[in-house]
Amino acid sequence: MELMPKEFFKKPPLELARELLGCELIKETSEGTASGYIVETEAYIGAVDKAAHSYNYKRTKRTEVMFGEAGHAYTYVMHTHCLVNVVAGEVGEPEAILIRAVEPLRGVELMYERRGDKKEKDLTNGPGKLTKALGIMKADYGHPYGKSPLYIADGFTPEHISTGPRVGIDNSGEARNFPWRFWVTGNTFVSR
DNA sequence: GTGGGGATCTACT
DNA sequence: GTAGATCCCCACG
């Protein structure tokens, strides 16, 4: 296993969203280590994207980390769940990649403990599910990947990648049709 | 201090 | 397919 260098994240979001597919996402906690291969992502580009929290360069305490350096974690609490993103692009451009699904790799027992006795494919096939399975939480906000309990490492190279419109952003006008969702073609753990 | 909205999940019909 | 759970953050007064 090899950690992705800082430079890896510093590229346009649509490019990074593709290249994150197949990478390993790792979280260490006091309970142990859990990880999975990233198999589904979505890009959010604040400058032009009505569906992004940072639309029109909206700057709040919450979106602040997206204006900073690529490769940091943007976590966000939604209802009773936590979602995890990777900050992309240049400093000053509020862009991030949402991780929507992973394929369980290490610490599968720990994931069952956290998620309950479910079928394996239900452990991590959604953005709120994978954060619970891996133990990612709001406290991970703003941490750089690779220097904290959060890591992104190389994994496998997907044979085929599919693209399509994003999920769960019905109320965002034109932006809802942007084909900014990427997934590993045929992978069982893709959310839908 | 309060009200409403949101990048979801689960269970039930 | 649809409703309800249930929580943080922002906007407004």
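Below, read A as the first sequence line, B as the second, and so on, with proteins coming before strands; counting in each chain starts at 1. Only a predicted model underlies this, so the values are computations on that prediction, with no experimental measurement involved.
A:His53 and A:Tyr74 are linked by a side-chain donor-acceptor pair at a separation below 3.5 angstrom, with hydrogens and angles left out of the test. Side-chain atoms of A:Glu93 and A:Tyr57 include a donor-acceptor pair closer than 3.5 Å. Side-chain atoms of A:Thr124 and A:Arg100 form no donor-acceptor pair, as typed in the model, at a separation below 3.5 Å.
For B:dT10, one of the phosphate oxygens OP1 or OP2 lies less than 4.0 angstrom from a side-chain nitrogen or oxygen of A:Arg115. Between A:Lys138 and C:dC9 there is a side-chain N or O to OP1 or OP2 distance below 4.0 Å. In this model, the phosphate group of C:dA5 is not approached by any side-chain N or O of A:Thr80 to a distance below 4.0 Å at OP1 or OP2. OP1 and OP2 of B:dA7 both lie 4.0 Å or more from every side-chain N or O belonging to A:Arg176. Note on A:Lys132: every side-chain N or O is 4.0 Å or more away from OP1 and OP2 of B:dT8.
Other residues, nucleotides and ligands contribute more than 12 heavy atoms inside 6.0 Å of the CD atom of A:Glu64. In this structure, A:Lys11 places its NZ atom where more than 12 heavy-atom neighbours from other residues, nucleotides or ligands lie under 6.0 Å away.
Across the protein-nucleic acid pair, A:Asp122 atom CG and B:dT10 atom P stand 7 Å apart, rounded to whole Å. Rounding to whole angstrom units, NZ of residue A:Lys61 and P of C:dC9 are separated by 7 Å. A:Arg192 places its CZ atom 9 Å from the C1' atom of B:dT8, with the value rounded to the nearest Å. Atom OH of A:Tyr141 is separated from atom P of C:dC7 by 22 Å (rounded to the nearest Å). Atom CZ of A:Arg62 is separated from atom P of C:dA11 by 10 Å (rounded to the nearest Å). Remark: P of B:dT8 and CD1 of A:Ile169 are 9 Å apart, rounded to the nearest angstrom. Rounded to whole Å, atom P of C:dC8 lies 15 Å from atom CG of A:Leu83. Rounded to whole Å, atom P of C:dC10 lies 11 Å from atom CD of A:Glu64.
The residue A:Tyr74 sits close to a base: some heavy atom pair falls under 4.0 Å. Backbone-only contact: A:Arg100 has heavy atoms under 4.0 Å from sugar-phosphate atoms and none from a base. Among the protein residues, A:Leu98 comes within range of the nucleic acid bases, having at least one heavy atom under 4.0 Å from a base atom.
Side-chain atoms of A:Lys118 lie closest to B:dT10 of the nucleotides C:dC10, B:dT10, B:dA7. Candidate nucleotides B:dA7, C:dC10, B:dC9 were compared by shortest atom distance to the side chain of A:Met66, and B:dA7 ranks first. Residue A:His79 has its side chain nearest to B:dG6 when only B:dG6, B:dA7, C:dC10 are considered. Distances were taken from every side-chain heavy atom of A:Met78 (C-beta onward) to each of B:dC9, C:dC10, B:dT8; the shortest belongs to B:dT8. Nearest nucleotide to the A:Thr60 side chain, out of B:dT10, C:dC10, C:dC8: C:dC10.
No aromatic stack links A:Tyr76 and the base of B:dA7, using centre distance under 5.5 Å and interplanar angle under 30°.
Of the inter-residue distances, the one linking A:Glu103 atom CD with A:Lys121 atom NZ reads 12.5 Å to the nearest 0.5 angstrom.
Base pairing of C:dC8 is made with B:dG5, judged by Watson-Crick or G-U wobble geometry with both donor-acceptor distances under 3.5 Å.
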